[in-house]
Structure formats: structure tokens, C-alpha cells
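These numbers come from the heavy atoms of this one structure, side chains and all, not from hydrogens, waters or symmetry mates.
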Amino acid sequence: MQRSERARRSPARRRTRHACAAAAVLVLAAAAAAGAHSRSISYSSWDVDAAGARVRVRITALDLSLLRLAGDASEADAAARYAAQHLVLERDGRPCTASEAPRALPASEGWRVLEWRVDCPSGGRTVRSDLLLDVAPSHLHFARVRGPDGAVAERVLTAEEPAWQLEGAERAEPAQGGSFGRYLLLGVEHIVSGWDHLAFAAALLLLARTLREVATLVTAFTLAHSVTLALAVLGLVRPDAAAVESLIGFSIALVAAENAWLLAGRDRAVP
């Protein structure tokens, strides 16, 4: 009698141990990813004409603090000089010179906006950026170029692809083309390289019992993540980054706890 009772409880105990182990792994994965979820990002706009370009750059104050630019000059002047040295317009492989000293402009809280003009005659011009790569190797720089005809093109510059050729036969892509594919690839890399995404998705999939539930959960996660990213990019929502990072870890731990409860054979309605 006691032996049969033990045999009956044994599978449930094993399931509980396995569920607790999975929950622990997921929580640890979330903790490891908490600091890596946010990616350092900066932006630039280039009004290009036949003689050169006017450049305006936007960088977060937090990212600039990593550079420890303080010295004899003010923070704004040091940041402006740094930006002009690490974000350049080249012609035939040589950096063009600034015709105006870089200066800081009024900016919203937490941001620094810097502007200058570059003399660079048309023909073989390239935008090159190594902004913040020495302190944040995964930094992304979003460059936006407006040509003399008013046409606008955009490009994401990274450590792997730091240059964008604007003119010449070997130009990387057409003025209006390629952006969607690049942003799509960037989004895929963002999800696949984020352990928090993978941990949360794995925790959700453990709850699914059929292929239909798997499809529903994955689709809902993708749509929800896309909506929140769109709201943030458009500036409609400006959540505190530290709070978001904490909630990401908490949400993964919560789903892991739900898995532990359900895989132990307990009531599905309680979670």
C-alpha cells in the first residue's frame, strides 16, 4: 500500500523537481540579460549639398558619461568635439574638415544634441561612424541623409558595418532601398541575441499543450513586443528604462513560477 502510494507520488515529485530546475535556469538567464537588454543608440541627420553637409547628432547623456569626457572644457564642448571626431563625412577615403566648430544645441532632458558643418565636395562621399564603439561595441547609429533633391535615405551603422557610401559606382544601396530588409534583420538579431526574449518565449512555450497554443503564444508575444517598440520609437510612451529592465526579469520569473505550479499537476486556474 505504502509502496504504491510512493510510486504514485514519484512522477509528480520528478515533475516538480524538473519544473523547479527549469524555473531556476530561466530566472538566472533573465538576471544575466537584464543589463544587456537595452542597446546603446545614437542618431544623426545630414543635410547634404554639393559643397558639403550640415550634421546634427543626438546622443543620450548616459552614453556620453561612459566616455568620461570631463577635462578642462565643459561637458557640452567635449561631447561636441568627440562627436565631430568619431562621426565623419569622407571623400575618397579621407575625412573632410569641419567649416564650423561643433556646438551643443538645446535638448530634452537626458539627451545631448550637437551640430556642425563639413566642407566636402560631391563625389565619392561616405558617412562613417565609430561613435561609442570603444565603450559600447554593440552600439547602433541611425543615420538619416537628405540629398540636394530632397530625397531621404536611412542606414544603421554598426561595428560590423561602420560606413555608408553615399555616392559612386560601388554605393552600398539605392537612396530609397534596402531599409526595410536591414531593419527586419536588425529586429531578428535583437530577438535572437536577447536571452530575456528567449527565456520568456521558452517559458511561454512550456505552458502550451498543442501546436495551436504554440502559434498563438508566439504570435501574441511578437505583436506585443512590436507594439511596445513602436510606441517607444514614436515617442508616444517614454517609460523609465530601469523600471522596464526590472519588470522584464520579474515577468520571466513570474511565468517560470507558473510553469513550476502547472507542471507539478496543480490547478490551472490558480495562476
Same apolar cluster: [X] and [Y], side chain cutoff 4.5 Å:
X: L133; Y: L64; result: no
X: L87; Y: L66; result: yes
X: I41; Y: V156; result: yes

State, yes or no, whether a side-chain contact exists between [X] and [Y] at a heavy-atom distance under 4.5 Å.
X: N259; Y: V255; value: yes
X: L131; Y: S42; value: yes
X: T97; Y: V118; value: no
X: L166; Y: T126; value: no
X: R125; Y: V48; value: yes
X: R117; Y: D119; value: yes
X: W111; Y: Y43; value: yes

Subject >> Side-chain cluster (under 4.5 Å, hydrophobic types only) that L223 belongs to, other residues >> reply: none
**OP:** Tell me who clusters with L211, hydrophobic residues only, linked when side chains sit under 4.5 Å apart either directly or through other members.
**Re:** none
Subject >> Salt-bridge criterion met for E115 and R103 (N-O under 4.0 Å) >> reply: yes
Roughly how far, to the nearest 0.5 Å, is the [atom2] atom of [Y] from the [atom1] atom of [X]?
X: L114; Y: D77; atom1: CG; atom2: CG; answer: 10.0 Å
X: S246; Y: I248; atom1: OG; atom2: CD1; answer: 9.0 Å
X: S99; Y: R54; atom1: OG; atom2: CZ; answer: 7.5 Å
X: Q165; Y: E90; atom1: CD; atom2: CD; answer: 10.0 Å
X: R112; Y: T60; atom1: CZ; atom2: OG1; answer: 9.0 Å

What's the shortest heavy-atom distance between [X] and [Y], and which atoms?
X: W116; Y: A98; value: CD1-CB, 4.3 Å
X: A53; Y: W46; value: CB-CE3, 4.1 Å
X: L157; Y: P162; value: CD1-O, 3.7 Å
X: P102; Y: A84; value: CG-CB, 3.8 Å

Got a donor-acceptor contact below 3.5 angstrom from the [X] side chain to the [Y] backbone?
X: H139; Y: S40; value: yes
X: D63; Y: I59; value: no
X: D49; Y: G52; value: yes
X: Y82; Y: L132; value: yes
X: T219; Y: T216; value: no

Original post:
Do H141 and S44 meet the criterion of a side-chain donor-acceptor pair at a distance under 3.5 Å?
Top reply: yes
Original post:
Going through the distances and angles, do V113 and R56 end up as a side-chain contact (heavy atoms from CB on, under 4.5 Å)?
Top reply: CA-CA 7 Å; V113 176; R56 181 170 293 189; 3.8 Å; yes
**OP:** Would you sort out whether V152 and V145 count as a side-chain contact (heavy atoms from CB on, under 4.5 Å), showing the intermediate values?
**Re:** CA-CA 6 Å; V152 174; V145 173; over 6 Å; no
**OP:** Report the residues that fulfil ring pair (Phe, Tyr, Trp, His ring centres under 6.0 Å) with F250, sequence neighbours left out, ordered by chain and then residue number.
**Re:** none
